[in-house]
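As a basis for the values below, the full set of heavy atoms in this structure was taken, side chains included, without hydrogen atoms, waters or symmetry mates. Read the numbers this way: they start at 1 and go in the same order the structure lists the ligands and their atoms. Owing to the predicted nature of the structure, the values given are computational and were not obtained by experimental measurement.
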Amino acid sequence: MNYPNFVKIIDVGARDGLQNEKQTVPSDVKIELINGLIDAGVRKLEATSFVSPKWVPQMADNDAVLNGIVKRDDVVYSVLTPNMKGFDAALAHRDQFANYEVVIFGSASEAFSQKNINCSIAESIERFAPVAYAAKAHGIKVRGVISCTIGCPYEGEIHPDKVAYVTEKLVAIGAEHIGIADTIGVGTPIKVQKALDAALRYIDIDNISGHFHDTYGQALSNTLAALQMGVWQFDTSVAGLGGCPYAKGATGNIATEDVVYLLHGMGIETGIDLDKLVDVGQKISAFLGRQNGSKVATAILNKRKALTVS
Ligand SMILES: CC(C)(COP(=O)([O-])OP(=O)([O-])OC[C@H]1O[C@@H](n2cnc3c(N)ncnc32)[C@H](O)[C@@H]1OP(=O)([O-])[O-])[C@@H](O)C(=O)NCCC(=O)NCCSC(=O)C[C@@](C)(O)CC(=O)[O-]
């Protein structure tokens, strides 16, 4: 089996990880989280969303977060922009970042599209098209993410042809990269490979990523299955934070620490310092009053504790 030498981790903890939090997380805490991730070696991350604050109040401090975080030329900063209103607000930060990316996020499920962004799949493509066009005009990268590529909380199983359909549409309007999301974490390796294969009809392997939630504990297996196909970019969330407000019961993404441990154990580089990452994940978990969602972090923290005691 030929595995890649390097995998790019896109940490989505500050966005996907926190968007569903009921308690307000102060901007300073988000800024510290993002800066900690960068210090640990993360070179691509989702910083915030430019969505309706009525729909997702936790992301309402998008300006403060972007203004406050460390700016480095070797880091790609991504923000979610579902429409031109979101894009125009995101554009105000263009000059702060050498590598800035907007994310247009659609769905392979009609029902989820309605619940999440209040429009049909066809309407979402119409809304995204001017965003992609304007982003390119301003030298901003455009990533498309497709939710519910395997299962939907409202429609059940999703056929891979629907993934292919939405991929084709997003690529046609200018998405340079496609993220395949298992929003509710129901995927298993073969199903994930089928969804990725469907998308690969319209996008090449270097421009596709996996975004696997871990609701059923399958995300690490799914990551390995994607790696075996040659996928080398993954969205992950420090300490396994997260969930989507419009996918009730779904847990966070696969923990960044768990993926990094897997990859380093396979001799695949990520550029990430696992020990530093564990500290970052533990700090935000403690702030949220939450048990750390990473098994690897928990094991490392227990080992550290045992070493201190002995
Ligand atoms: C998409 C909209 C905005 C459509 O919402 P809408 O209500 O259809 O929009 P509208 O154009 O009819 O406008 C209604 C109001 O919203 C305002 N508005 C309109 N757009 C914006 C904007 N961009 N920023 C701020 N405000 C906005 C607009 O100004 C107006 O304000 P009002 O006049 O009533 O005061 C809404 O449905 C929304 O914000 N949804 C939330 C989507 C979201 O953030 N979901 C979670 C992220 S996606 C996810 O987690 C999945 C992913 C990516 O991780 C992958 C996976 O795992 O599946």
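- Between the side chains of Gln218 and Lys191, no donor-acceptor pair is found at a separation under 3.5 Å.
- Residue Lys115 does not touch ligand 1, judged by heavy-atom distances below 4.0 Å.
- When heavy-atom distances to ligand 1 are checked against a 4.0 Å cut-off, Asn83 comes that close only through its side chain, counted from C-beta outward.
- Here the OG1 atom belonging to Thr183 is positioned 10.5 Å from the CD1 atom belonging to Ile146, to the nearest 0.5 angstrom.
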Decide side chain to side chain contact (heavy atoms under 4.5 Å, CB included) for Asn253 and Phe212; before the verdict, give the C-alpha distance in whole Å, the side-chain angles of both, and the deciding distance to 0.1 Å.
CA-CA 6 Å; Asn253 282 83; Phe212 306 135; 5.9 Å; no
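- Every residue meeting the ring-ring contact (aromatic ring centres under 6.0 Å, His included) condition with Tyr77, not counting sequence neighbours, appears here in chain and number order: Phe97.
- Residue contact check for ligand 1: Cys119 places no non-hydrogen atom closer than 4.0 Å to it.
- Residue Pro82 approaches ligand 1 through these ligand atoms, each under 4.0 Å from one of its heavy atoms: 1 (C).
- For the pair Phe112 and ligand 1, the shortest N or O to N or O distance does not fall below 3.5 Å.
- Considering backbone and side-chain N/O atoms, Gln19 comes within less than 3.5 Å of an N/O atom of ligand 1.
- Cation-pi geometry between Lys115 and Tyr154 is met: under 6.0 angstrom from the ring centre, within 45 degrees of the axis.
- Taking a cut-off of under 4.0 Å to the non-hydrogen atoms of Phe50, the atoms of ligand 1 that pass are 22 (C), 23 (N), 24 (N).
- Atoms of ligand 1 lying under 4.0 Å from any heavy atom of Arg127, numbered from 1 in the order shown and given with element: 4 (C), 8 (O).
- Contacts between Ala181 and ligand 1 below 4.0 angstrom, taking non-hydrogen atoms only, involve the side chain exclusively.
- Listed by number with element, the atoms of ligand 1 under 4.0 Å from a non-hydrogen atom of Asp16 are 50 (O), 54 (O).
- With a 4.5 Å cut-off on side-chain heavy atoms, Leu80 and Val103 count as touching.
- Close approach of ligand 1 to Asn118 (heavy-atom distance below 4.0 Å) involves ligand atoms 6 (P), 7 (O), 8 (O), 37 (O).
- Contact atoms of ligand 1 toward Pro53: 25 (C), 26 (N) (distance under 4.0 Å to a heavy atom of the residue).
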Legend entry - Pair Ile180-Val192, side chain to side chain contact (heavy atoms under 4.5 Å, CB included): steps then yes or no: CA-CA 9 Å; Ile180 295 299; Val192 163; over 6 Å; no
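- Closest heavy-atom approach to atom 51 (C) of ligand 1 among the candidates Ser147, Gly252, Ser52, Gly17: Ser147.
- In this structure, Asp74 places its CG atom where more than 12 heavy-atom neighbours from other residues, nucleotides or ligands lie under 6.0 Å away.
- Here Ile38 contributes atom CD1 and Lys44 contributes atom NZ; the two are 13.5 Å apart, rounded to the nearest 0.5 Å.
- With a heavy-atom cut-off of 4.0 Å, Lys54 touches ligand 1 through its side chain alone.
- The pair Glu46-Arg15 meets the salt-bridge criterion, since a charged nitrogen lies less than 4.0 angstrom from a carboxylate oxygen.
- Residue His213 approaches ligand 1 through these ligand atoms, each under 4.0 Å from one of its heavy atoms: 57 (O).
- Remark: the Ser209 side chain and the Gln233 side chain contain no N/O donor-acceptor pair separated by less than 3.5 Å.
- In summary, the atoms of ligand 1 found under 4.0 Å from a heavy atom of Val56, numbered by their order in the structure, are 41 (C), 43 (C), 44 (O).
- Residue nearest to atom 40 (N) of ligand 1, selected from Asn116, Ile117, Ile180: Asn116 (by heavy-atom distance).
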